[in-house]
Amino acid sequence: MSDKTNPEETLMSNPKIGFIGLGRMGRPMASNLQRKGFATLSYDVNPQGIAALVELGGRAACSIAEVARESDIVFTMLPAHPEVRAVVLDGIVPNAKPGTLVVDMSTIDPLATDEVAAAVEAAGLGFVDAPVGRLAIHADRGECLFMVGASQEHFERVKPMLEAMGTTIHHCGPAGAGIRMKVVNNYLAIAACQLNAETLTLAARFGLDIERTIDILNGTTATNGHLKTNFPVKVLAGDIEPGFQIDLAHKDLGLALTSASSMKVPLAMGAAARECLQLARSRGFGGKDFSALLDAWCDLAGVEAPRLPSKT
């Protein structure tokens, strides 16, 4: 039997992982990769994010170009499509070796994803879009949900890394399908968050017990994921520091509305919800967690923001 190692098998079984974008979501995701045996080379404009990965045994890169040159698979987790275009088109594409797989997990305009995917593939690289479902607290625990757009070959190649960062992985179709699924998901999630804020403001004005209100809403068809998971541990516990900022939620609603408009699909409820988020932003809540829409609405209505009793 030959002792020679097949380079392609080595690449698949022990790939060099690059990670660009170590914000509130990216940092715990990259940390879980590192903890679960994937050697990471990371870069972020904020040195604190890189330092956190180095403490776990990861390596720090000095530039995007360095990550691209030294990685077999490069993950990006960035705020919006201008950053994705700049990082991927100006930093990764000119420096990556042929066959490198670029995995963008950002939430951006689907047409921008199509543009980036085409440029990546034209350069002889592979492209996957794998935007993230669930919240920052789930990223901390390695419980993300991924909506993946990729060829079957690229999906199989990146799946072990996604499994290190999450518990639920959906292959939604070819490149571009993942981000389109994410836009649909976030449209409903964010609009529901605004409706929750108005509902609980009304309950507070009525003088209803907030704990009993939540119990009743969660026992009827009015229930939704935010009332069960996010509101109780964030705004109703007095924590409005961002897991997902209102500013980003406003951006994501804009992506849904822009995409829908281009296809002549009316989104009347979404348009109203986006204006409500804009109102919250104008009142200084843009940098807060999107559950803080409740506080913004109570402030607008002149109602004391409700809180659940402490369990300690």
What is the minimum heavy-atom distance between [X] and [Y], and which atoms define it?
| X | Y | answer |
| --- | --- | --- |
| Pro15 | Met161 | CG-CE, 4.0 Å |
| Val93 | Leu125 | CA-CD1, 4.1 Å |
| Ala305 | Asp295 | CB-OD1, 3.3 Å |
| His226 | Ala189 | NE2-O, 3.0 Å |
| Gly286 | Gln245 | O-CB, 3.8 Å |
| Asp140 | Arg24 | OD2-NH2, 2.8 Å |

By salt bridge (charged side-chain N to carboxylate O under 4.0 Å, His left out) - contacts of [X] (at least two apart):
| X | result |
| --- | --- |
| Glu275 | none |
| Arg69 | none |
| Asp109 | none |
| Asp239 | Lys234 |

Check whether [X] and [Y] end up in the same hydrophobic cluster, where Ile, Leu, Val, Met, Phe, Trp and Tyr are linked by side-chain heavy atoms less than 4.5 Å apart.
| X | Y | result |
| --- | --- | --- |
| Ile179 | Leu162 | no |
| Leu78 | Val148 | yes |
| Val87 | Leu89 | yes |
| Leu217 | Ile210 | yes |
| Val102 | Phe38 | yes |

So do [Y] and [X] actually touch side chain to side chain, heavy atoms under 4.5 Å?
| X | Y | result |
| --- | --- | --- |
| Asp114 | Leu111 | yes |
| Phe75 | Met29 | no |
| Asp252 | Phe244 | yes |
| Phe146 | Thr168 | no |
| Leu101 | Asp72 | no |
| Thr100 | Lys97 | yes |
| Ser31 | Arg27 | yes |
| Leu200 | Ile214 | yes |

Set of side-chain hydrogen bond (donor to acceptor under 3.5 Å, both in side chains) partners for Asn218, sequence neighbours left out = Thr223
Which side-chain N or O atoms in residues 263-274 pair as donor and acceptor under 3.5 Å with protein atoms at least two apart or in another chain?
none

Test item: [X] side-chain N/O and [Y] main-chain N/O as donor-acceptor pair under 3.5 Å:
| X | Y | result |
| --- | --- | --- |
| Ser262 | Ser259 | yes |
| Gln34 | Thr40 | yes |
| Ser282 | Leu279 | yes |
| Lys159 | Ile169 | no |
| Arg212 | Leu208 | no |
| Asn32 | Ala164 | no |
| Asn224 | Leu227 | yes |
| Asn185 | Met181 | no |
| His250 | Asp247 | no |
| Arg307 | Val235 | yes |

Donor-acceptor contacts, no H, no angles, side chain residues 297-304, under 3.5 Å, sequence neighbours left out:
residue : atom : partner : partner atom : Å
Asp299  : OD2  : Arg283  : NE           : 3.2
Asp299  : OD2  : Arg283  : NH2          : 2.9

[X] [atom1] to [Y] [atom2] distance, which is reported to the nearest 0.5 Å:
| X | Y | atom1 | atom2 | answer |
| --- | --- | --- | --- | --- |
| Ile190 | Leu195 | CD1 | CG | 14.0 Å |
| Arg141 | Thr167 | CZ | OG1 | 9.5 Å |
| Thr113 | Arg85 | OG1 | CZ | 9.0 Å |
| Asp104 | Asp129 | CG | CG | 7.5 Å |
| Ile246 | Cys276 | CD1 | SG | 11.5 Å |
| Leu294 | Leu236 | CG | CG | 6.0 Å |

With a 4.0 Å cut-off, would you call Glu163 and Lys36 a salt bridge?
-> no
Mind checking side-chain contact (heavy atoms from CB on, under 4.5 Å) for Ala296 and listing every partner two or more places apart, or none if nothing turns up?
-> Ala280, Phe285
Can you sort out the partners of Asp90 under side-chain contact (heavy atoms from CB on, under 4.5 Å), two or more places apart, ordered by chain and number?
-> Ala86
Worked verdict on Phe290 versus Asn230 for side chain to side chain contact (heavy atoms under 4.5 Å, CB included) = CA-CA 9 Å; Phe290 70 151; Asn230 195 37; 3.4 Å; yes
Step-by-step side chain to side chain contact (heavy atoms under 4.5 Å, CB included) determination, Tyr187 to Leu255 = CA-CA 9 Å; Tyr187 173 76; Leu255 296 178; over 6 Å; no
Can you list every pair that meets side-chain hydrogen bond (donor to acceptor under 3.5 Å, both in side chains) and has a residue in residues 197-207, with sequence neighbours left out?
-> Gln194-Glu198
Run the side-chain donor-acceptor check on residues 41-53: report pairs under 3.5 Å with partners two or more places apart or on a different chain.
residue : atom : partner : partner atom : Å
Asp44   : OD1  : Asn46   : N            : 2.7
Asp44   : OD2  : Leu22   : N            : 2.5
Asn46   : OD1  : Gln48   : N            : 3.0

Summary of ring pair (Phe, Tyr, Trp, His ring centres under 6.0 Å) pairs that have at least one residue in residues 157-186, sequence neighbours excluded | Phe155-His171
Determine, stepwise, if the pair Met105 / Met165 fulfils side chain to side chain contact (heavy atoms under 4.5 Å, CB included).
-> CA-CA 12 Å; Met105 300 186 292; Met165 296 182 283; 4.1 Å; yes
Please lay out, stage by stage, how Leu135 and His138 fare under the test side chain to side chain contact (heavy atoms under 4.5 Å, CB included).
-> CA-CA 5 Å; Leu135 303 168; His138 300 106; 3.7 Å; yes
